[in-house]
Protein chains: 2
Amino acid sequence: MALALLEALRRRDVLADHVRTIADAEAMARLGTYDVLVLDRRLPDGEGLDLVAALRQRRHPVPILVLTALGTVDHRVNGLDSGADDYLAKPFAIEELLARLRALQRRGPALSDRYLSFGNLSVDPRSSEISIAGSLVEFPRREYLVLEALMRRPNRIVTRPNLVEAVYALEDEIESNALDAHISRIRKKLLLAEATVEIRAVRNIGYLIRTKA
Amino acid sequence: MALALLEALRRRDVLADHVRTIADAEAMARLGTYDVLVLDRRLPDGEGLDLVAALRQRRHPVPILVLTALGTVDHRVNGLDSGADDYLAKPFAIEELLARLRALQRRGPALSDRYLSFGNLSVDPRSSEISIAGSLVEFPRREYLVLEALMRRPNRIVTRPNLVEAVYALEDEIESNALDAHISRIRKKLLLAEATVEIRAVRNIGYLIRTKA
DNA sequence: CTGCGTGTAATGTAGCTGCAATCTTTGGCT
DNA sequence: AGCCAAAGATTGCAGCTACATTACACGCAG
């Protein structure tokens with residue numbers, strides 16, 4: 001069905017990408033470059049609504065349309081209340097789906113947490129820009145990803161595996177202390193820019209970001 | 001039915017007002033103090049969709065849900081394409097309507113645009129014209145397409161694949177650094193015209209346009 | 001024929017990033 | 001308290017690769 005949908009979209013000059021798993025979808029949603037997300041409830045690695053909830057918890061503003069074979073009123077209410085913007089039960093007419101996508105795209109992303117702010121540090125996930133004490137500070141890609149992941153949960157522990165996943169999402173790498181190295185480099189920059197936050201290690205678990213004593 | 005709906009809303013502590021005619025609805029919409037508008041297609045003084053179209057033409061950003069007894073796919077597509085954000089056919093479950101209203105209210109009003117302006121650069125997609133610092137600058141087609149794609153999301157990353165698709169839509173795509181070459185040429189023009197914006201590469205992901213430091 | 005637009009390729013370059021070697025800190029244990 | 005092993009921190013280095021730029025050839029339009 002996904003392929004048929006892709007074909008229909010392409011025929012109408014709609015640019016679309018397709019992945020099969022929640023994990024991949026999450027990684028791509030993080031890029032933040034999509035106008036709309038179309039999601040099936042049943043996916044190989046879990047329940048689509050969980051992804052909706054996860055994205056919304058992080059204040060991800062992308063409009064989401066959920067497709068499903070589960071068509072009862074309760075399912076629809078659940079779907080919408082989990083944070084989706086529209087909910088369409090199969091079977092449906094392609095034309096209706098397209099019209100609903102147009103409606104969502106027209107409306108655009110929700111006004112979002114444009115910035116993840118904590119202490120005097122602020123991260124704009126859309127542009128991948130970080131400013132400290134009001135001035136822009138350049139971070140290379142990997143360092144940025146680590147810092148963003150930490151900033152999404154200030155004051156809370158982010159596990160090592162989580163961080164690795166955030167940084168190396170689709171790729172497969174790392175058999176060294178590369179992550180530690182990144183952390184170290186980030187710390188150096190934070191110090192240099194006189195950030196009021198610091199990154200603390202939690203032995204055997206991961207890291208967390210918090211305000212400096 | 002409106003009265004039953006009002007009662008249901010009231011029972012859930014949702015504040016709602018009710019009018020019977022398009023004229024009244026338009027007047028109240030002008031006040032701009034509502035989170036969501038619920039509209040029936042058949043109204044005493046006309047067709048509900050006309051009001052939708054009229055509001056949208058004036059760039060009114062309020063989310064609109066259209067209710068109707070007309071339930072065919074074509075009706076739904078028409079309704080959505082006239083500018084409504086959701087479309088629900090009777091009969092419907094009150095709970096679903098409420099969930100959809102919550103979804104719309106959550107998302108908030110749309111931002112109106114259609115004129116791509118950023119820094120001292122402005123793009124008119126209709127005429128494919130670009131002006132920098134107030135004066136018109138000629139861009140060849142491919143360069144224009146790249147720049148427009150970037151300007152549709154100022155300050156946000158546009159992925160390489162997206163850019164490629166934006167430029168080469170259906171045509172056979174490329175297998176070289178043609179995109180990079182375009183970017184380079186665009187940059188040269190931006191510099192020459194003293195634009196206050198610049199195009200930044202985001203390693204491994206794509207490009208974004210932002211205001212110059 | 002001429003000029004512009006565009007794809008391709010060659011070349012240059014910067015700086016990211018993984019790795020490993022070395023220090024420092026931590027926490028558990030006696 | 002003191003010690004030790006393991007985890008974390010730091011840093012230099014080298015390879016790499018993605019990006020930038022330029023030159024060039026081809027093709028199409030006027």
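Below, chains carry the letters A, B, ... as their sequence lines are ordered, and counting in each starts from 1. Remember, it's a predicted structure, so these values are computed and weren't measured experimentally.
Side chains of Tyr87(B) and Arg100(B): a donor-acceptor N/O pair is absent below 3.5 angstrom, by distance only. The closest side-chain donor-acceptor pair between Arg141(A) and Ser128(A) falls under 3.5 angstrom.
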Could you list the protein-to-nucleotides 25-29 of chain C atom pairs, N/O on both sides, closer than 3.5 Å?
{"unit_1": "dT26(C)", "atom_1": "O2", "unit_2": "Arg203(A)", "atom_2": "NH2", "d": "3.4"}

Restricting to nitrogen or oxygen on both sides, can you table the protein-nucleotides 4-6 of chain C pairs closer than 3.5 Å?
{"unit_1": "dT6(C)", "atom_1": "OP1", "unit_2": "Arg142(B)", "atom_2": "N", "d": "3.3"}

Protein-nucleic acid N or O pairs under 3.5 Å, nucleotides 20-23 of chain C:
{"unit_1": "dA20(C)", "atom_1": "N7", "unit_2": "Asn177(A)", "atom_2": "OD1", "d": "3.4"}
{"unit_1": "dA20(C)", "atom_1": "N6", "unit_2": "Asn177(A)", "atom_2": "OD1", "d": "3.3"}
{"unit_1": "dA20(C)", "atom_1": "N6", "unit_2": "Asn177(A)", "atom_2": "ND2", "d": "3.4"}
{"unit_1": "dA21(C)", "atom_1": "N6", "unit_2": "Asn177(A)", "atom_2": "ND2", "d": "3.3"}

Just the atom pairs and distances: protein N or O near nucleotides 27-30 of chain D's N or O, under 3.5 Å.
none

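dT22(D) atom P lies 11 Å from atom CG of Leu191(B), rounded to whole Å. Rounded to an integer number of Å, the gap from CG of Asn204(B) to C1' of dC16(D) is 12 Å. In this entry the distance linking CD1 of Ile186(B) with C1' of dT21(D) reads 14 Å, nearest Å. Rounding to whole angstrom units, CZ of residue Arg200(A) and P of dG8(D) are separated by 13 Å. Following rounding to the nearest Å, Ile157(A) (CD1) and dG8(D) (C1') show an atom-to-atom distance of 15 Å. Taking atom CD1 of Ile183(A) as the reference point, atom C1' of dA7(D) lies 14 Å away to the nearest angstrom. Glu138(B) places its CD atom 15 Å from the C1' atom of dG3(C), with the value rounded to the nearest Å. Protein atom CG of Leu179(A) is 13 Å distant from nucleotide atom C1' of dA7(D), rounded to whole Å.
With salt bridges taken as basic N to acidic carboxylate O contacts below 4.0 Å, one links Glu96(B) and Arg76(A). Comment: Asp85(A) engages Arg56(A) in a salt bridge, judged by a side-chain N to carboxylate O separation of less than 4.0 angstrom. Looking at Arg20(A) and Asp45(A), no side-chain N of the basic residue comes within less than 4.0 Å of a carboxylate O on the acidic one, giving no salt bridge. The residues Arg160(A) and Asp180(A) are annotated as salt-bridged, a charged nitrogen and a carboxylate oxygen being separated by less than 4.0 angstrom.
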| task | Please test Arg42(A) against Glu47(A) for salt bridge (Lys or Arg N to Asp or Glu O under 4.0 Å), starting from the C-alpha separation and ending with a verdict. | result | CA-CA 5 Å; Arg42(A) 294 183 55 91; Glu47(A) 158 71 52; over 6 Å; no
| request: Check the pair Thr196(B), Asn120(B) against side-chain hydrogen bond (donor to acceptor under 3.5 Å, both in side chains), reporting the backbone distance first and the verdict last. | output: CA-CA 6 Å; Thr196(B) 60; Asn120(B) 65 358; 3.2 Å; yes
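Between dA9(D) and Ser184(A), no contact under 4.0 Å exists linking OP1 or OP2 to a side-chain N or O.
Each of Lys188(A) and Val202(A) was matched to the nucleotide of DNA chain D holding its nearest heavy atom; the match closer to the 5' end belongs to Val202(A).
Each end of the helix from dC1(C)-dG30(D) to dT30(C)-dA1(D) yields a helix axis from five base pairs, and these two axes differ in direction by 30° (to the nearest 10 degrees).
Heavy atoms of Tyr207(A) sit under 4.0 angstrom from primed sugar atoms or phosphate atoms, though from no base atom.
The stretch residues 185-194 of chain B participates, sequence neighbours left out, in these side chain to side chain donor-acceptor pair (under 3.5 Å) pairs: Glu143(B)-Lys189(B).
Arg102(A) has its side chain within reach of Asp81(B): a pair of non-hydrogen atoms, C-beta onward, lies under 4.5 Å apart. Counting heavy atoms from C-beta outward, Leu101(A) and Val38(A) have side chains that approach closer than 4.5 Å.
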